[in-house]
Every structure is written in C-alpha cells, then in structure tokens.
Asker: 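For reference, the structure I am asking about is given below.
Counting starts at 1 for both ligands and their atoms, in listed order. Side chains are part of it too, since the values below use all heavy atoms of this structure and drop only hydrogens, waters and symmetry mates.
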Amino acid sequence: MFKRFLISFLLVSATLCHASQKEKRVISVLPTPVSIIEQPGDFTLKNGLTIGVSDASLLPAGTYLQSLIRQVVRSTVKVGKGDISLQLVGQENMPNGLSMKKEGAYQLNVDKKGITVNASSYAGIISAISTIRQLLPAEIEQAKAKSKGVVFSLPAVKIEDAPRLAWRGLMMDASRHFWSKEEVKHVLDMMTLYKLNKFHWHLTDDQGWRMEVKKYPLLTEKGAWRKLNAHDRECINRAAKEDNTDFLLPTEKLKIEKGDTLYGGYYTQQDIKEIVSYATQRGIEVIPEVDMPGHFLAAISQYPDVACTGLTGWGNTFSSPICPGKDAALNFCKDIYKEVFELFPSTFVHLGGDEVEKTNWKKCADCQKRMKDEKLHSEDELQAWFVRDMEKFFNENGKRLIGWDEVGEDGLSKDAVIMWWRSWNPTAVPHATKAGMQVIESPNKYCYFDYQQDKNTLKQILGYDPLSNDLSAEQQRLVMGVQANVWAEWIPSMKRWEYMVFPRIMALSEIAWAEPAAKLNETEFYRAIIPQLKRLDILGVNYRIPDLRGFHNVNAFVNEKILSIECPIPGTEIRYTTDGSIPTKKSLLYQGDLKVTESTTFRIRTFRPDGTPCDVVQTYFKKTPYAEADLQAKPTANGLQATWYDFRGNRCANITTAPINGTYKVDAVSIPEGVKGNIGLVLKGYLNIPADGVYTFALFSDDGSTLTLDGDLFLNNDGAHSPAEVIAQKALKKGLHPMEVRYFDHNGGMLEMYLLNERGEKQVLPKEWLLH
Ligand code: ACM
Ligand code: ZN
C-alpha cells in the first residue's frame, strides 16, 4: 500500500481510534514507510517493561531503546522475548521478498500486548526503533515531570519498511569549526531519528586539524588551534548585525596562549573510539576524511617539509597541497592513514582529493622530477598518480577509497567510490558508473546544507531523484545513495548548525528512503513536518521555520496593497518592525492582513515556541507610478546582446573593467554556450512589456547577478553566494524598457530570470519580450 492512500487513511483512522483521548493524534513517520496499516487499539508503555532481544548482538540496540524511553518508564533489557521484542530473523523469513532483504529493512507490529520487530540486520532493528520513537508522543523526549497527563502509547500498527538507498549520509565539517564530542553525539542521535546511516566526518582542512595522530603530535598540539580568521570575524560581525548569538564563537572553544586568543579543539584517539562506538550502537557507520593532497594547510603549517616550498605561516589563506614529489611526504600521508585505519572500522575511508591548487607543483623540482620519472604529462596527471598510489595503500589495508568527484577520471579501480559534489559537472555520475565505480551523490545544488535556504529549498530537495541522471539499470545499481554536506565556514555554533540542517535533512532522508511512488510531495511534506517540529521543540533543536509566504523582496503598488503573510507552520509567532530595527519579542505582533498605503520596509521575524528567533526577512512595499516605456528605442533583433568578460572579482558593478573574451546573442537570460571559467557577463537589450501592469520578476543565480531596468538597479542578487533567488515587482507601462543583466561566477554557475504569475508560480519569460 503506498502513501497517497496511506496518508488519508491514517489521518481518518487516527482520529477515530483516539477519539476518546484528550488530544487527537496524527501519525507522522518520516521518512515515509513503505506500508503502514493501522489497527484498532494501542500499546501503552508501563513501568517494569521488558525489552527482549533475540540475540546478544542486539543488546546495544535494546539498551539504546531503553535510553529513549527512560524518561518515562523503568525497563529491563534481556535476551529472549519481552513486551517489546527485537528479533533478528533470517532473510528468508522476512516478508515480501526483495525489498525486505535490504539492509535497514524491518517489520514492526504493535498491538495491545506489545511490540514485535523483525529484521534481518542490526540496522533494520535500529530503523524500527526510530519508527517506534516517532509513533510515541513527542513528550517522550522530555523529562518526566513535564509530561504529566500524557499517555505514552503507540497506535496499533503493522509496518513493513525498507530503504530505497543504502547510503543516507551526512557530512560534518569539523575543521572550519570544531564540534565537541557531545555535539557530535547529538548529531548522531538526530541522524538516527531520521534513519540516516553514514556519518562522514571531515576531520582536516586548511583551517584546522582535528584528529590526534600519535606519530605527528604537532598536528593537533598546534594545528588544531588558530588565530581568528576572516570567516570567524565575519561570524562575529553577523552576530551583532543580525542580533543572533548563534553566530558567536563558543567561548569553550577559545583559549589564551602567550597573549594570543586561539580558537579550536581536537578529538583524542580515545574520543574517536567513543564516538565510533556511540554511532555503531545507533546503526551509523562513521567514515573519516583526511583531505589530501589539497586542503592541507593545517598539516603543512606544522610540518612544512611535506610541502613543495617549505611554506610556513599559520593564517595564510592560500591552500597549499602536499608535495607528491617527495617520498617523505607520501610516507607522511600513509602514516596518518595507518592511524586512521586503526581507529575507524568502516571499510570506506574518504581521501578527499577536491580543489587541489597545483601552482606549487609546477615550480617544484621534486614534483617535476616525479612527473618525468613516472612519465606524467601534467600536474593533473601527477594528482591522479598520487591518488592511485594512495588507493593502492588503502586496498592493501583492506579499505576502499572514496574521493570527491575531481578524482573520478584519475584511473582508480572499480573498488573506489566517487562522491559527486559539483553540480556543474553533471557527467561525473554517468562516467563513474559507466566505468563500473560506485557513487554517492551530494550535488551542491541540493545537498550543500551550508547554503542559505529559501522557499524553494525543500521543494527542490524533494524533487531531486538520485537515480535519474540518464542512468541504465546497471548504472543505477551503482548509486549507493545521497548525502548532505554541511561545510562550516559560517556555522560556528551547534545552534546555527541545527538552523541550517533542520528541517531540510528530513527532505533528504525522504528522498533517500522512500520509493518515488511513496515519497511525499511538497504539500504533504509541509503537513508531515508539523508533528516532527513539535518533537524538535521538545528536544530543543534550533530548526528553521520554513519560509513565510505572501510577499516578495520588493512589492510594487500604485495606490495601496495588503501585506498578507502565510506561514506553513500554524500558530507561529510572527513579529515585525517598520523602522529598520531588528524585530524582537517586544516588536509588533502580526495578527492578520495589513493595509499598506505608503512605501514601507517591513522586517519580519518568526519565533519558535521557546521564544528563540529565526533569521530576519525583509520586504519592501514600494509605492510607485508606472515606469514609462522608452519611446525612442529602436531594437533591431530578438534576444539580448551578451558580452563575456574575463572577470575574477565578486561585484557585478566591476565586471566591465575586465578584458573581453567574446560576444554572443542569447534568446533568454542565460549563460551562453561555451562560456565557462572566469565569467563576468553583461546582457543588454530591452524588455518589451505587452500591457500596463505590475510585473513580478525573479533573478536566480550562483554567484551574483543584478538586473537594471529603466536605469534602476531593480533586482539585486549581487555578491559571491550559493544558488539564490531575488524576486521583485515593478509597475511598467506597455512598451520597451531598457534592461541590463550582470552576472559573475568562477566555477560553473547558474543564471536564470523568470516571471511569476499572481499565484506566485514560475513562468518562463517569453522570448518575444527580449529585444536588442
Ligand atoms: C567540496 O565542496 N570542495 C567537496
Ligand atoms: Zn613538490
């Protein structure tokens, strides 16, 4: 039975079954199970409850379940049957054939007498425990005293469930900001709740080394600590500018040494063992990454001999790689990995391999000699040689190498796994799978959770199918799964981390777990997260309340306009100001439609039930007459005139100072074919408006873009940033309006302009509107 039927059935039956209870209960299990059949009755937790496991290997799972309900009942865990029985069964005894054989599949039966879980793997038992947790009232997450009057029962159900994809990952960047052991454990707890099973731990990078390596103690003694860098200072500035303490660097990660304030921390090998064990109990595999040969400055700063030029100087922002020309440098890398292999039981280990800056290799005699000896024709081939050498070492030690998609063409064996991150490199997955390699998909466009969120974010994740990409059935089998990556340059605290990750991680878990026919659409998803957010409230998770609707960045009107705000989460407290100040708990409460008759800037902020605020959003209501058309204009052709500048900066205004690479004609606001690398683009022409009216335009880009219309900077999406959309309205007279779009990017990029209709739906900008 698939979800569309299931949702309505559940909502109705939950209402009937629990009509006698004080509060009606709506069942929400995320990610969506394959099948769920509710039955009459429920099972109530009571003191003295027994958790029975069929096999001693499940005792950690039993103890984990016990810890989840400890707040409300006393229980014991034993081998044998119990009120709750967790049973490992042979795959042949799992129902429904194939899908139930997947690692993580389970069958859950709740009736008046108790709960039975059948699974053929430890992972399946853990999945079932997460479902049990979500079937219990959210108050299970809080201390007993506060949950008086709540009946801790689960509805009687039969659930059969299995994941679509085996790899459901989350990457935590511990280098840009350090996360304490407790914070990592919290993340693991939250991953399990949403059935994510691979914790990719980015332990090293230019900005800090986080793993104790016994052979090279300076890596953490010194390399784990830095003077505040530009990102840190920007975070501190944002804390003040946005009235948001979540941007402050946690004081427990600061220390004063010889008069300097240092920031950082690291994991001892004992800490790592503890975290791996904690994760294993929760069905999560920990995949370490020690990124090399690039992103290696934290190591090189302490051991300069492994670099080409003996680079020294902490705080140097230039990301220098190791020197693959020196045997000692190769041994250094392998020594580090020897310790990694001993600490992490996972077969998969991530080598990194991304964004290697190879300028030093060109100048280095050792690198050039290596290239000659090994008959390598370029620095790219030198990188491939290094990665292949490391893979051999990994394999000799029983490990399989994962690398970012830069290593996809490096001639690795079929045992290597490619992690796709560059959305602008769409052939990465087809190529790797054609070559017989497995892949994990984490395209930055959908899976980079450090990117800012907007009203399209959840829809875009839900709409992304990791098994599309024009893959054959055989290639699809090589897609292990998907992963969210949370780079931490601008995420200094766990509170900010939570804000960036929740609830979008639920959308990722949905696409990773649910089969397409069962997967929630956007509307269903918004409904399904309401009870989840209540659970997060009790857990104290600083989630982001999804976007308010009913306004754009700029809202034009000629006489008056109504500000009518919609919030997808009912009951959300919304406050606003009109004097430019940041809204606080004392600001005006939004209580319904507001009539606007003068140009007004609204700053709006939502508050979670515990009183903590989300980020400020700003919207400008602009009273304006219709802009006159240019009656002198005499365009001669369709489309826009495009000029490509060799631009390396990050402000649209400066693009035309760069040398010109070429000129083109485009029939849409887009990047012309063949324009790549350093892009500074200027598109010029006229917008041919068919009738007087207020029009809504959107400019979507990665990185920055601007639209000047009738000489006004009308859509401002400028600056270096991840994919982002700006929407504004303008009152326009029929006729020709001069327009200029500017855009820049240095690595692939995206540029799109479109119209929105009155319902806010995206419309293609008609080609015939563009002239030059
Ligand atoms: C990456 O984002 N450099 C993998
Ligand atoms: Zn070198």
Asker: Is the ring centre of Phe332 less than 6.0 Å from the ring centre of Tyr216?
Answerer: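 That pair passes the under 6.0 Å test.
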Asker: Can you check the angle at the Zn ion (ligand 2) formed by SG of Cys323 and SG of Cys308? Round it to the nearest 10°.
Answerer: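 Between SG of Cys323 and SG of Cys308, at the Zn ion (ligand 2), the angle is about 110°.
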Asker: What protein heavy atom lies closest to atom 3 (N) of ligand 1? Include the residue and the distance to one decimal.
Answerer: Asp354 OD2, 2.6 Å
Asker: Classify the angle between the aromatic ring planes of Trp404 and Trp487 as parallel (below 30°), tilted (30 to 60°) or perpendicular (above 60°).
Answerer: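 Rings of Trp404 and Trp487: tilted, 30 to 60°.
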Asker: When the ring planes of Phe199 and Trp201 are compared, do they come out parallel, tilted or perpendicular, using 30° and 60° as the limits?
Answerer: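 If you compare the ring of Phe199 with that of Trp201, the planes turn out tilted.
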Asker: Give the numbers and elements of all ligand 1 atoms closer than 4.0 Å to a heavy atom of Trp487.
Answerer: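 Ligand 1 atoms under the 4.0 Å threshold to Trp487: 1 (C), 2 (O), 4 (C).
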Asker: Establish, yes or no, whether the cationic atom of Arg388 lies under 6.0 Å from the six-membered ring centre of Phe386 and within 45° of the ring axis.
Answerer: no
Asker: Consider every N or O of Trp404 and every N or O of ligand 1, then say whether any pair is closer than 3.5 Å.
Answerer: no
Asker: Quick one: nearest non-hydrogen protein atom to atom 2 (O) of ligand 1, plus distance?
Answerer: Tyr448 OH, 2.5 Å
Asker: Would you say the ring centroid of Trp209 lies under 6.0 angstrom from that of Tyr267?
Answerer: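 Not under 6.0 Å, so no.
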